[in-house]
Protein chains: 2
Amino acid sequence: MAKATNHDVYFVPGLHRGLKVLEILGAAETPMSLSEIARAMGLSRSSAFRLVYTLRQMEFIREAEQANAFTLGARVLNLGFAYLNQQPIAEIARPILASLRDETGVSTHLSVLEGDDVLYLVSHQARSGYVSNMRTGTRTQAYASAIGWCLLGAKDDNTLAVFAQRQSWHPFTEHTPTDPDSLTARVKQARDDGFVISRGFREPGGSSVAVPVRNNSGAIIACVNLSGPDSGFDFDRMESFYLPKTQEAALHISRALGYQGS
Amino acid sequence: MAKATNHDVYFVPGLHRGLKVLEILGAAETPMSLSEIARAMGLSRSSAFRLVYTLRQMEFIREAEQANAFTLGARVLNLGFAYLNQQPIAEIARPILASLRDETGVSTHLSVLEGDDVLYLVSHQARSGYVSNMRTGTRTQAYASAIGWCLLGAKDDNTLAVFAQRQSWHPFTEHTPTDPDSLTARVKQARDDGFVISRGFREPGGSSVAVPVRNNSGAIIACVNLSGPDSGFDFDRMESFYLPKTQEAALHISRALGYQGS
DNA sequence: CTGGTGTGTTTTGCATATTAAACATCATTA
DNA sequence: TAATGATGTTTAATATGCAAAACACACCAG
């Protein structure tokens with residue numbers, strides 16, 4: 001009996017668990033000992049030993065200063081950046097968003113939908129004041145931010161409904177949608193307008209402008225956004241200045257991807 | 001017979017090969033089919049099939065638009081950035097190097113020695129003109145650049161000699177050291193001066209200022225550098241302006257790491 | 001010193017992953 | 001159409017990874 005999950009016949013558990021070790025070490029605040037890893041994985045120490053042994057030999061993990069404790073090694077960086085360099089959109093967007101940051105003075109980002117999350121691919125921090133905690137590689141729940149609504153516009157109504165069903169709603173601020181209906185309303189609004197301007201939706205006191213990026217067939221594949229504290233935005237110029245600048249950048253990127261519209 | 005490498009008893013090949021698949025996909029220009037992966041790995045298709053199956057199920061790889069071809073998935077990004085976020089020096093240096101970039105107008109970087117390579121941890125591009133190809137995650141040979149000489153100052157003479165022995169010397173420019181002696185001379189010079197100013201050493205027409213970052217015990221653990229095309233640097237002000245600014249930033253970072261000196 | 005509890009490491013019988021080989025598709029070519 | 005060669009997939013015999021248990025060493029408390 002037992003037989004727990006009955007993993008597919010083709011599954012290679014050694015690989016699965018090794019990658020999980022990497023993720024656990026990635027999430028850890030401090031280096032972990034072999035035993036800690038074994039416990040966190042729900043594995044025997046002997047199995048963990050073999051995984052750690054292999055990973056260390058491959059230099060994907062390394063011992064920390066304190067002996068018998070392990071951290072991620074630099075080799076995982078290569079993987080992460082190999083991924084980034086393979087996303088042509090990131091290459092294209094980087095200089096455009098840098099200019100946008102310089103023109104507007106607030107932080108600029110490019111993000112895509114990855115599963116149910118918003119994933120930040122490019123991020124340029126405002127040159128002064130407030131530092132956003134959104135950096136390349138950051139993930140946030142898509143349902144809870146202007147960027148998310150903008151990106152979710154890519155989904156058709158049915159897919160969107162299914163997406164909404166599986167969310168666990170957490171009210172980040174008083175404006176966060178907390179049920180499928182209010183979310184779909186937001187998304188449809190974003191789709192109709194072609195942009196989202198938000199004020200304190202994701203974080204109290206934080207505002208943002210989001211505009212979709214489209215590919216050659218006109219589908220939404222990414223989202224450009226400005227974000228910053230209310231104090232950094234001149235709210236009166238939101239529609240007259242920040243929005244058009246952002247739209248211009250988004251269009252610039254879309255064109256570079258073969259988008260024919262305007 | 002055969003028995004090829006007689007891998008250690010504790011080695012788990014499934015993990016080893018899975019990670020190798022990720023690296024191969026990371027290095028690939030375009031998505032790869034199952035068979036291509038198998039060939040690149042020197043494996044049977046059936047084995048590659050199981051690795052790909054597992055990686056795909058874990059979302060470390062995904063099928064490209066073209067069916068039956070695979071690319072890295074977004075989940076590898078998490079690993080890479082988890083590593084970065086675990087390097088406190090990167091967190092500390094980021095805003096300092098952003099200011100340095102803004103004050104000097106040229107690109108700024110923080111790098112560490114990783115094995116025999118220089119690894120860039122933080123990178124802020126100049127806001128105009130020339131865009132350097134050194135970004136976070138980039139690796140370069142340590143022996144061939146000002147940053148490298150600066151970082152190699154951390155090694156004692158014996159270790160440095162051993163390091164020098166195993167390099168394969170490639171003359172990137174006419175100034176690149178091509179033998180152990182000229183390298184060690186460079187490194188000792190850097191150690192004595194406490195900085196390196198270079199002109200066209202790594203790339204023709206590219207200049208750079210590099211200053212070491214020290215930890216609480218005074219050891220060199222990283223290196224701050226400015227880099228840009230000669231046209232971006234005002235060479236007359238190299239020692240009067242760029243160098244002191246860089247030293248100031250490096251000291252700032254060193255202090256934040258507990259360095260007591262000056 | 002003794003017993004206890006924590007390590008990391010090694011062993012070994014059993015369960016399971018692995019791969020050669022067969023199979024099923026799909027193109028292309030004769 | 002049949003032959004060919006490439007692909008992705010499945011199978012089954014065998015090679016191998018796995019975890020329980022034993023081991024060795026450390027640390028700490030009494």
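By convention in this document, chain letters (A, B, ...) are assigned in the order of the sequence lines, proteins followed by strands, and residues within each chain are numbered from 1. Just so it is clear, the values below take in all heavy atoms, side chains as well, and ignore hydrogens, waters and symmetry mates.
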Exercise for the section: May I ask you to say what B:Arg56 touches in the nucleic acid, namely base, sugar-phosphate or nothing, with a heavy-atom cut-off under 4.0 Å? Expected result: nothing
Completion exercise
Taken to the nearest whole Å, CG/A:Leu43 to C1'/D:dG17 is 13 Å
Exercise for the section: On DNA chain C, check which nucleotide each of A:Leu34 and B:Arg17 is closest to and give me the residue with the more 5' one. Expected result: A:Leu34
Problem - Over all atoms of both residues, closest heavy-atom pair of A:Ile89 and A:Ala222 - result: CD1-CB, 3.5 Å
Problem - Position toward the 5' end of DNA chain D (nearest nucleotide), B:Phe70 or A:Gly14 - result: B:Phe70
Exercise for the section: Could you check B:Leu110, B:Ile220, B:Leu151, B:Leu251 and say which one makes a side-chain contact (heavy atoms from CB on, under 4.5 Å) with B:Val213? Expected result: B:Leu110
Handout entry: Over 12 non-hydrogen atoms of neighbours within 6.0 angstrom of CZ in B:Arg255
Key = yes
Handout entry: Candidate nucleotides C:dT18, D:dA21, C:dG8, ranked by approach to the side chain of A:Ser46 - the nearest
Key = D:dA21
Problem - N or O in side chain of B:Tyr10 less than 4.0 angstrom from C:dT10 OP1/OP2 - result: yes
Fill in the blank from the handout: In whole angstroms, the gap separating C1' of D:dA21 from CZ of A:Phe49 amounts to 16 Å
Exercise for the section: Whole angstrom is fine here: how far is it from CZ in A:Phe11 over to C1' in C:dA15? Expected result: 18 Å
Exercise for the section: Rounded to the nearest angstrom, tell me the gap between atom CG in A:Asn68 and atom C1' in C:dT7. Expected result: 8 Å
Problem - Distance-only donor-acceptor test (3.5 Å): side chain B:Ser35, base D:dA6 - result: no
Exercise for the section: Look at the side-chain N and O atoms of A:Arg45 and state whether any lies under 4.0 Å from the OP1 or OP2 oxygen of D:dC18. Expected result: no
Problem - Integer-rounded Å distance: C:dT10 P and A:Tyr53 OH - result: 9 Å
Handout entry: Whole angstrom value for the distance that separates C1' of C:dT5 from CZ of A:Arg39
Key = 12 Å
Exercise for the section: Measure the distance from CG on B:Leu51 to P on C:dT18 and round it to the nearest whole Å. Expected result: 7 Å
Practice task
Calculate the interatomic distance between A:His16 atom NE2 and C:dT16 atom P; express it in whole Å.
Solution key: 16 Å
Problem - Aromatic plane relationship, A:Phe172 with A:His170 - under 30° parallel, 30 to 60° tilted, over 60° perpendicular - result: perpendicular
Practice task
Write out all pairs satisfying salt bridge (charged side-chain N to carboxylate O under 4.0 Å, His left out) with one or both partners inside residues 22-49 of chain A, taking only residues at least two apart or from two chains.
Solution key: A:Glu23-B:Arg75
